Structure formats: C-alpha cells, structure tokens
Amino acid sequence: MAQQPIKAHILGYPRVGEKRELKFAQESFWRGESSPDYLQKTAHTLRAEHWKKQQAAGLSFITSNDFSLYDHVLDHTVLFGASPKRFGKTPFGAKNISPENTYFSLARGNIEQPAMEMTKWLDTNYHYIVPELNADTQFSINAHDYLTQLDEAQKISSNVKPVLLGPVSFLYLSKARDINKLDLLDSLVQQYVYLLQELHARKIEWLQIDEPILALDLDDVWLKAFERAYAWFRTSRPKLLLTTYFANVSRYQSFISRLPVDGIHIDLVRAPEQLGPWVNAIPSHWVLSAGVIDGRNIWRNDLDKTLALLEPWVRRLGERLWVAPSCSLLHTPVTLAHEVKLDAEIKSWLAFADEKLVELSVITKALNHGVESVADELAISRAAIASRNNSGRVHSTSVKARIALLVTVNENRRSPFSVRQEKQKACLNLPLLPTTTIGSFPQTPDIRASRAALKKGAISQQKYDADMESHIEYAIREQETLGLDVLVHGEAERNDMVEFFGEQLAGYAFTENGWVQSYGSRCVKPPVIYGDVYRPQPMTVATAQFAQSLSKKPVKGMLTGPITILQWSFVRDDQSRETTAMQLALAIRDEVDDLQKAGIAIIQIDEPALREGLPLQKSAWTQYLAWAVRAFKLSASVANDDTQIHTHMCYAEFNDILPAIAAMDADVITIETSRSAMELLDAFGEFSYPNEIGPGVYDIHSPRVPTVEAMEKLVRRATEVIPVERLWINPDCGLKTRGWDETKQALENMVTVAKHLRKQFASTPQE
Ligand code: GLN
Ligand code: ZN
C-alpha cells in the first residue's frame, strides 16, 4: 500500500481563537479601548498559531487566507474593490480614519450609512456580509491585505495553500441592484486573473478555490457562468483545487470535469455516495480531495470506517488522493484542551478542530505507511467509538420504546381549527385584534448580573430564583399597565432559548469553550445532544404558574420547538436527525400537557429555525418538511381544543414553505415581517393561510420607537389580505435586546393602534 504519499490538508481553520481572543480584540477596538495595531497583532498571532498547529499535525500544507477580521466574504468585496460607493468614494484612503474602522463600518454601519446586509452562509449558522453590487460597480484588485497574510504564511512554511472564494459563488451570493449579476462576471474574473498571476509569481503551487454554490440547484445560466469564468484561468497560475461542500455534487460531474482546474474537493460526510462516481470518472491528471472528517459537527471520527471507505481507492489514485475535513473547520469549536468540566467519558467521544487535525494526520499516516504505523492511535480511537456505541448513557430503552410506538400516535389536534377557534374564543374572551408580544422582555444588566453571580457561586439558587420572580413580576405589571391582552412572563430566567431547555433535558452535554463564530464577534455555544432525549421533570410549569398567578389576563406558556432545539444544537450522528427531532418533540409534548394541566390556556411553541433546516437541494425538501412538521404537531397535539397553541417564526424566507407552515396547524402564528416590508403578508393572503396570524408591526432590531401611524398603516395593510377576525397585533420578535424605556413607548403605541382600529372595525361590520 505504501506508494506515493497521500496528502492531508484542511479547507480552513476557526478564527475566533481558543478563548475567543479575536472577539475580545474586535470588541475592545470597537469601543475605542485599543489601537488598530493591537487588533492586527492579535490577528497576526492567531494566524501564526493556527498555521503552527497544522504544521505540528504534519499536514502537507498550511492553509492561508482563511482568516478574517470580520467575515471572509466581506474581505473578498474589499479585495476586488467592490465596497459599496455609499460608504464614500475611496473608503480606504479616507483621512483620519484607520482602514480597520472603514472596514468595520461596512459590516456594522456608521453614523451615515446602515451596514451592508448579512445573511446565512448556505445551511450553516455562520452569517456572511452580502456583497452589494450595482450598475456602478467597478472591480479593481486591492490585494495588499491578501498578500500580506500570504507572506506571513510563507515565512512559516514553504508549503502554503491559500484560499480564495471563487468568482461564480461570489457573484451568486451577492445582491445586485439595477443590473444582472452575470453582466459583472467578466470584469470580476479579470481581477482574479491578476491575483492568480501574482500567486504564481510567488511560487504558490496550489490555490484552493471555493465554489460552495455547487451544492445548490443551479440552472444552465449559472453553469455556463462557470465555464465562462474558468476559461479565463488558462493563463499562468497555481494549480487549482476546486472545493465543494455540504452536498453531493456528482450530478454536475461531467460538467465540472471539463473545467480547467486540477482537482476537486468533495464532502464525503454529507454525501459519501459520491466517492465511487468521482473516482471512476475523474480526469486523469486531477487530484481528489476526500472530505472525510465532519467539519460541521463535534464527534470523533470512526477511523476504521474512514480507512475502509478510502482504502479501495488508494491504489487507483495514489498520490492524487488527498484527505481533508468535509468543509472548513470554521463551523466547529477550536479545542477540547480547555474543557475541564466536561464529563470525561463524553469528552472522549468528541473532536473539535485541533483534535480533527490529529485525526487527519492519523488517517494519512495509516494510508501511507500502513495501519501498524498508527496502531496506538487506532486503539484509542476504537475504544472511544466502542464506549460511545455501548454507553448506557446514550441509549434509553424507555425513550426508544416510546419512539417505536410513534407510528400509532396521531399527530393531529383533536378537532379542526374552526371547532377549536370557537372553544378558545369562549374561554379566552379576547377582543378583536388582540395584542401580545413574542416572549422575551429586556435582558437588563440586573438580570445578567444575577445569572453571572449564580454561575460564580456568589449567590444561592434561592436568591437567584427570587431575583427572577421579581423580574417576572415587573414584566407582568408593565404589561398590565400598558393594556396588552395576552401577556408573557418575559423569559428573564433564560439566557438562551435552546440552552435553557437543553440544560433540563436528559441526553444533553454542555461545553465551556465550544464557541463557534456566528457573525463578526458574535459566537454561539451550541449544546451537544449525545444521547436519547427525554424530560426528567417539568421545565417551565412552576414559572408559568407563578406568572399566571399575577394576572387575570392569560399569560402564555413559552416553549422552544423541537426543530429549533435540534437546529441550534450539535446533534448526534449515530441516528437520523428525524429520530432525534421526534425525541425532542415528545419531551416538549410532555411539557405542553403539564402546562395545560396547570391551567395555562395559551402555549407558544417557537420555531424560528424551522426554515433554516431546509436542505440545500430542493429534491430533499418534501422529506425534511414532512418530519419537521410532524415533530411540531406531535408536541402540540396533546393540547385540548380550548388550549390555544401559538407558534412564532422570524428572519427567514418563508414564502416557499407556506403550505408546510399551514400544515403545522398552530392556532396562531406570530411572524416577523420587517425583513420583507410586509410582502410576506401578501403571500399569506394569496395562499389563504387558514388560522390566526400576527404579522409583526414593530421592528425590534431598531432602537427607534415606531409611531402609531406607522404601525396602524401596517395593520391596515394586513387587514387587506387577512380577515380582521383572524389578525393579532404584535412585535416582530422577542424584546430581549431592547431597553425598557423604548419598549414601553413602542408597546404603548401598539396598544393605541389596536384600540383605535377596534373602534373603527366595530362601527363598520365585516362580511
Ligand atoms: N420567545 C423568544 C423570544 O421572545 C423567541 C425568540 C426568537 O424568535 N428567536 O425571545
Ligand atoms: Zn423571533
């Protein structure tokens, strides 16, 4: 087996640092507490550290230009001179402003200009800054920073493989006004050609060129764009490794194979079935980079399985086989080294970025020098995999029995909506156009201080609980004074809508430093679902009862839905996501039942992440939506007819999944509309959404207090497409990031709108 060495590399490394050093440097710079120099030094140190780790793991290349001070797509906008003109003619030459400040103002806005738009990177929870192109856009290369990073890397190693986002993906992922994006293709590609020549002059052997949009359903026009763009790359340049990830790309295989590149990276974690087709028909001079280590999840690799997958092809490909993680490690936390509190057994099942580097080197060594050369490493890995497979903590017979019985469970509510609606009307006795909020009220410094003190052990659990009760009491009193109709307890006791439930469910583990970049300096720490999930005891009932005892008005019980919990966790990979979703659904179902038994008449099950779980390729949508909707319905259908079930969704493109949203059959959906300026409502109207709906009338991302007139206009628009009897009035989303003063004023205006419109509609009876 030992032929030419098989190479190991990564597509990218997390930027945040072991202890979020980048975040703290960014934020102190933004607060004006540290200099541009300090920020650049931190970035420089982090990059060097990342490269040295790759070297220490014996990788064949160090991967450069994967770092960013905010976002790599934004860096490409700057690299190609495409910063929006609205930020000034020569944003990087402005006097008295550091280039760093100018750069961040693109991402975060400044006094004069709102920030560039941000959106999710394919199906991840990483957000990129959307390039903003228009007829005036004139690309011109500005490679200073790119080349500086490359120089740094070349000082550390002579085998540097820089990364560049490919031109077709860059355009596809951008937003263009007054112009067809593809009209900009040729002029953009010219800039790529200059850069490629420069890299060639610097003796770069391989360039990694990312074209992630190959994971999507592309029409002919976009496929042609690839041909046209890549045809320019026949000049002097490094060899090109075209990287794809997150999906099977073999359907484009014959087309991709004709592009003038020198190899392809494919994701064999998401789509292992594409390995055979690719090896069998790969152009004879290409390398194949096999993405075998999960770059999206935190589980230790089953090395035996990976070796078994690759071994049959080693002889065929020889040194043309490369081994890599499935995608950039940007989506995983940095290291397990600082996880001292994590249970040792569970920890042995995990691999963060640094541990994945080691796995990569073990796999390559085994392929190059035989499994005997890594016998010890394989033994440790086998033991960990066996411990995970057989652990009594992973498998619960009672959960499995309940899941097996699911085929017999009807996920529908007892009666159709019209029947439920009558019963709910009778017991809730709400006015026309009822007013409510989405759940959270401001997370004040006081609340956060209590939580921090509890965590440090500075206050007792009793003191903390008492603090939380006083915040709940305050929120209820304020809502009563404001005259809202359906109240909420305000979620003071929740730091995060998923972690709060995860902490109370069996099958969950938590890390101390498992941070993953979400956008800019914002990181999230998804909890880990390692075992069968169930609810050992009620999670929200006491709090809901306490809140309800403070008011005669209904106070909503507030839950996070199974799909959102799934979507915002690291999910186990030893069973289908669907099965894990069903386990979560049953846990929420138990909670819904206990809440209604405790006298809670309205229960909201939030599903803001339902849309983001949608597969990248349309052919897989139906299947996902079927189980996602079933999971929601399973949690809700234990409700009696007179228990009103709400759901809430926000900040996503909902138009294409309206039938699935309707099929969830929530009695009321509250939904954010500011993003699409209420266009969403037209879609709901056209589709004739059958149940009650509360389109958001108050954009909670802005500290601006919306006026009565503005909100009234929005509600009126809503009444044009949805019968007024089925409309609710509420903000777009939770208010946790706002302050109390603005919140009170905004809600006061919102209640005024409701009162005003009620009078009008009462005097003009509806059909
Ligand atoms: N109930 C949650 C809140 O109000 C909903 C948050 C969300 O939609 N992301 O904070
Ligand atoms: Zn929301």
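Predicted model only: the values in this text are computed from it and were never measured. All ligand and atom numbering here is 1-based and tracks the order in the structure.
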Check ligand 1 against C650 and write out every atom of the ligand that is under 4.0 Å from a heavy-atom position of the residue. 8 (O)
Could you check whether the rings of Y624 and W627 sit parallel, tilted or perpendicular, using 30° and 60° as the cut-offs? perpendicular
For atom 6 (C) of ligand 1, what is the nearest protein heavy atom, given as residue, atom name and distance? M497 SD, 3.5 Å
Under 3.5 Å, is there a donor-acceptor pair linking the side chains of N691 and D665? yes
Which of the atoms in ligand 1, numbered in the order shown and given with their element, are less than 4.0 Å from a heavy-atom of G734? 3 (C), 4 (O), 10 (O)
If hydrogens are left out, which of K556, H648, M649 has an atom nearest to atom 8 (O) of ligand 1, that is, the closest non-hydrogen atom? H648
Modelled atom types, side-chain donor and acceptor of R451 and Q443, under 3.5 Å: yes
Among all protein heavy atoms, pick the one closest to atom 1 (N) of ligand 1 and tell me residue, atom and distance. D606 OD2, 2.7 Å
Using a 4.0 Å cut-off to any heavy atom of C733, which atoms of ligand 1 qualify? 7 (C), 8 (O)
Any nitrogen or oxygen of Q604, main chain or side chain, under 3.5 Å from a nitrogen or oxygen of ligand 1? no
Contact atoms of ligand 1, heavy-atom distance to S440 under 4.0 Å: 3 (C), 4 (O), 10 (O)
Taking the side chain as every heavy atom from C-beta outward, state whether V697 and M750 have any pair of such atoms under 4.5 Å apart. yes
On the ring face of F500, is R494 found with NZ or CZ under 6.0 Å from the centre and within 45° of the axis? yes
Taking the Zn ion (ligand 2) as the apex, C650 SG and C733 SG span an angle, rounded to 10°, of 120°
Residue pair E491 / H489, side-chain donor-acceptor N/O under 3.5 Å: no
Test of proximity, W568 against ligand 1: N or O pairs below 3.5 Å: no
Relative to the Zn ion (ligand 2), which of the N, O or S atoms in H648 is the closest? NE2
I'd like to know if the side chain of Y70 pairs up with that of S521 as donor and acceptor (distance under 3.5 Å, no hydrogens or angles considered). no
Is the closest basic N to carboxylate O distance between E27 and K23 below 4.0 Å? yes
